[in-house]
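Working notes, structure below.
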Amino acid sequence: VTTEPFTVYIAGNDEYGDQLSEIGRNDVNIIATFNPKTKQMLLVTTPRDYYIPVDSLTSGVAVDKLTHAGNFGVDSSMATLGRLYDTNIDYYIKVNFTGTMNIIDALGGITIDSKVAFTTSYDTSPIQYTFDVGKNECDGAKALAFCRERQTFAIGDNQRGLNQMIAIEAIMNKATSPSILTNYVNVLDSVSGFFATSMPQDTILSLIKDMLNDYSKWNVQSYNVTGEVGTGNSSFFQLKNMSVIMPDETSINTAKDLIDKIENGDVFDVDEYVGNTETESGTEAETTTQSSTKSGSSTQSSTSSSKKN
């Protein structure tokens, strides 16, 4: 992990409690791709209600909500996302609501840079929190509310996914800061038991020591795949007409490209790359439309001539 790219599945389980269950639905589904040589980190989030082929590992592959993969275990979620993005996922980190709050509090809180202003609903948290556009200082409870809210937003789960990545970026920035790294032994002790991971302890320590030897800041960027709200049936559970998100294939392909670029060692700005890609796609679509229009006009002219003859 100190010389070669690697990918981690970050799973947020929608439960409270000190015991972290191996099986359960995941509200947060983020693929984090790291390149230690270039100090580039990419976070790709997938909506929990994404309606995609789910790999159950034991009962085959069938279309269902991504969150339902968690009912078959974290390995099922990893296999499902690996299939979706054509990538190998090396490790996982799984945390529930309680663990998320405890980890953030152990870090001394985080600074969330919100892109939208909103107030959380009562369904999200017992305390209503207000977030302003820009920097918001958050303890664990406030940060969790930021990650969970979706009812306030017109784009619902898509905005929640964006907010989750913003929070993850804030956690990563705090966790890799000199003040935390130089005190990593105490920090690790304080957060132990709050999360589950398949990354070996010696691998974690190697990564931390590498960061201590080089304080160069990681460039953390993010991208979220999108889709349209629809309805669908569960292939594994007796659920009909579920609210789901139908995947946007263009955004999935963009995510694949971004992951490949990070792994290949490219240094780039995600927003700029995505913007250029969308512009090129729009130009190609316009050119195709114009060509089709010209072709149609030509055909119509020929038909008219035939009628005259």
Side-chain angles (χ1 to χ4, degrees), residues 1-10 28-47 50 81-82 84-90 93 110-117 131-136 143 146-147 153 155 157-178 181 207 210-211 214-227 247-286:
V1 296
T2 60
T3 58
E4 298 296 330
F6 62 96
T7 298
V8 179
Y9 168 47
I10 302 173
V28 178
N29 296 276
I30 293 175
I31 299 297
T33 302
F34 300 77
N35 191 315
K37 288 184 178 179
T38 60
K39 296 290 185 180
Q40 302 295 305
M41 183 193 310
L42 174 69
L43 305 174
V44 174
T45 188
T46 311
Y50 233 34
L81 289 168
L84 180 66
Y85 296 116
D86 292 332
T87 191
N88 180 61
I89 301 175
D90 302 289
I93 295 175
I110 58 175
T111 303
I112 285 178
D113 189 5
S114 181
K115 307 305 180 186
V116 293
F131 295 91
D132 300 318
V133 174
K135 298 185 183 303
N136 297 263
F146 179 82
C147 293
F153 310 117
I155 58 174
D157 206 42
N158 286 324
Q159 183 62 50
R160 177 164 66 172
L162 289 170
N163 287 351
Q164 289 169 353
M165 285 195 297
I166 290 171
I168 294 293
E169 286 186 40
I171 292 172
M172 295 304 301
N173 286 331
K174 187 63 174 288
T176 57
S177 64
L181 288 175
L207 187 59
D210 184 65
M211 291 180 182
D214 180 5
Y215 279 126
S216 299
K217 190 174 182 179
W218 281 77
N219 181 27
V220 184
Q221 302 189 82
S222 59
Y223 181 75
N224 67 298
V225 296
T226 58
D248 176 76
E249 293 298 330
T250 299
S251 69
I252 293 174
N253 289 331
T254 298
K256 291 179 182 178
D257 291 342
L258 293 173
I259 292 171
D260 287 342
K261 289 175 72 65
I262 294 294
E263 291 178 339
N264 292 335
D266 293 353
V267 178
F268 62 101
D269 180 87
V270 168
D271 292 336
E272 182 178 319
Y273 175 80
V274 172
N276 291 338
T277 301
E278 291 175 348
T279 300
E280 291 172 3
S281 298
T283 302
E284 290 176 1
E286 184 178 351

Please determine, by modelled atom types, if E249 and N253 share a side-chain donor-acceptor pair under 3.5 angstrom.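 There is no such pair (donor and acceptor under 3.5 Å, judged by atom type) between the side chains of E249 and N253.
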Starting at [atom1] of [X], measure out to [atom2] of [Y] and round the result to the nearest 0.5 Å.
X: I31; Y: T46; atom1: CD1; atom2: OG1; result: 6.5 Å
X: M165; Y: Q221; atom1: CE; atom2: CD; result: 11.5 Å
X: T38; Y: K261; atom1: OG1; atom2: NZ; result: 11.5 Å
X: T250; Y: D248; atom1: OG1; atom2: CG; result: 5.0 Å
X: N136; Y: T111; atom1: CG; atom2: OG1; result: 9.0 Å

Judged by atom type as modelled, is there a donor-acceptor pair below 3.5 Å linking the side chain of [X] to the main-chain atoms of [Y]?
X: D214; Y: S216; result: yes
X: S251; Y: T226; result: yes
X: N35; Y: I262; result: yes

For I259 and L42, what are the C-alpha separation, side-chain angles and deciding distance, and is it a side-chain contact (heavy atoms from CB on, under 4.5 Å)? CA-CA 7 Å; I259 292 171; L42 174 69; 4.0 Å; yes
Which heavy atom in [X] sits nearest to a heavy atom in [Y], and how many Å separate them?
X: D90; Y: F6; answer: OD2-CA, 3.3 Å
X: D113; Y: I166; answer: O-CG2, 3.5 Å
X: M211; Y: L181; answer: CB-CD1, 3.8 Å
X: N158; Y: G227; answer: ND2-O, 3.9 Å
X: E169; Y: L43; answer: CG-CD1, 3.7 Å
X: M41; Y: M172; answer: CE-CE, 3.5 Å

Quick one: does [X]'s side chain get under 4.5 Å of [Y]'s, heavy atoms only?
X: V220; Y: N173; answer: yes
X: L162; Y: F153; answer: no
X: T176; Y: K217; answer: no
X: N219; Y: Q40; answer: yes
X: V225; Y: P47; answer: yes

For the pair W218 and F34, name the ring-plane relationship: parallel under 30°, tilted 30 to 60°, perpendicular over 60°.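 Perpendicular.
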Check the pair V270 / L258 against side-chain contact (heavy atoms from CB on, under 4.5 Å), numbers first and verdict last. CA-CA 8 Å; V270 168; L258 293 173; 4.0 Å; yes
side-chain contact (heavy atoms from CB on, under 4.5 Å) between K256 and T87: does it pass, once the steps are laid out? CA-CA 8 Å; K256 291 179 182 178; T87 191; over 6 Å; no
Could you walk me through whether Y85 and T7 satisfy the side-chain contact (heavy atoms from CB on, under 4.5 Å) test, starting with their C-alpha distance in whole Å, then the side-chain angles of each, then the deciding distance to 0.1 Å, before giving a yes or no? CA-CA 12 Å; Y85 296 116; T7 298; over 6 Å; no
Candidate list I30, N163, I110, test side chain to side chain contact (heavy atoms under 4.5 Å, CB included), partner I168, passing option: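 The side chain to side chain contact (heavy atoms under 4.5 Å, CB included) with I168 is passed solely by I30 among I30, N163, I110.
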